[in-house]
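Everything on this sheet refers to the single structure shown next.
Nothing here was measured: the structure is a model prediction, and the numbers come from that model.
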Amino acid sequence: LYNLREENDDVATKKRGVHKESFGLNVNLYPKASVRDDFLKVISGNKQGTDTIEELALQYTYGESTTIDGISEGSANTFHFHEQ
């Protein structure tokens with residue numbers, strides 16, 4: 001489980017049209033703590049570019065692993081991405 005970053009509150013419930021030819025990509029990244037701030041700046045720029053320039057992109061969603069008591073134990077500097 002992870003907390004979404006840079007998304008509106010309705011991202012989980014908002015319906016998006018999906019093209020028949022679309023595909024998704026899921027990626028986990030594990031940046032070193034020493035480059036975390038730079039990593040977040042780059043990823044924020046990637047998201048902004050995808051959301052505003054890539055006309056065929058349906059979504060670019062990412063978040064950091066989190067702990068939810070009794071359900072999941074998060075991992076520091078573990079980021080989960082989904083791009084479609």
Side-chain angles (χ1 to χ4, degrees):
L1 299 173
Y2 60 95
N3 287 327
L4 292 175
R5 300 176 72 97
E6 298 187 46
E7 293 290 349
N8 296 327
D9 292 337
D10 67 347
V11 70
T13 58
K14 184 178 172 185
K15 294 188 179 198
R16 301 173 180 156
V18 177
H19 304 287
K20 263 181 18 179
E21 298 84 23
S22 71
F23 65 94
L25 175 68
N26 294 306
V27 176
N28 293 331
L29 296 176
Y30 311 92
K32 293 180 180 181
S34 61
V35 297
R36 177 187 171 88
D37 291 340
D38 291 333
F39 171 80
L40 290 173
K41 288 176 189 172
V42 169
I43 295 307
S44 180
N46 288 349
K47 176 174 177 41
Q48 182 179 7
T50 298
D51 288 348
T52 59
I53 297 171
E54 295 183 26
E55 294 179 16
L56 297 178
L58 299 173
Q59 64 178 307
Y60 184 107
T61 308
Y62 74 101
E64 185 173 6
S65 180
T66 189
T67 296
I68 298 176
D69 291 336
I71 297 175
S72 169
E73 178 145 349
S75 300
N77 291 323
T78 298
F79 291 83
H80 309 279
F81 293 80
H82 176 77
E83 188 169 0
Q84 188 173 3

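When hydrophobic clusters are built by joining Ile, Leu, Val, Met, Phe, Trp and Tyr residues whose side-chain heavy atoms come closer than 4.5 Å, directly or via intermediates, Leu58 is not grouped with Ile53.
When all heavy atoms of Ser75 and Ser65 are compared, the pair lying nearest together is N-OG, 2.9 Å.
Note on ring orientation: taking the six-membered ring where Trp is involved, the planes of Tyr62 and Tyr60 are perpendicular (angle over 60°, cut-offs 30° and 60°).
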Before giving the answer on side chain to side chain contact (heavy atoms under 4.5 Å, CB included), spell out for Asn77 and Glu64 the whole-Å C-alpha distance, their side-chain angles and the decisive distance to 0.1 Å. CA-CA 7 Å; Asn77 291 323; Glu64 185 173 6; 4.3 Å; yes
Test log, rule side chain to side chain contact (heavy atoms under 4.5 Å, CB included), inputs Lys47 and Phe81: CA-CA 10 Å; Lys47 176 174 177 41; Phe81 293 80; over 6 Å; no
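Counting heavy atoms from C-beta on, the side chains of Val42 and Asn46 come closer than 4.5 Å.
If you take OG1 on Thr66 and NE2 on His80, they are separated by 9.5 Å, rounding to the nearest 0.5 Å.
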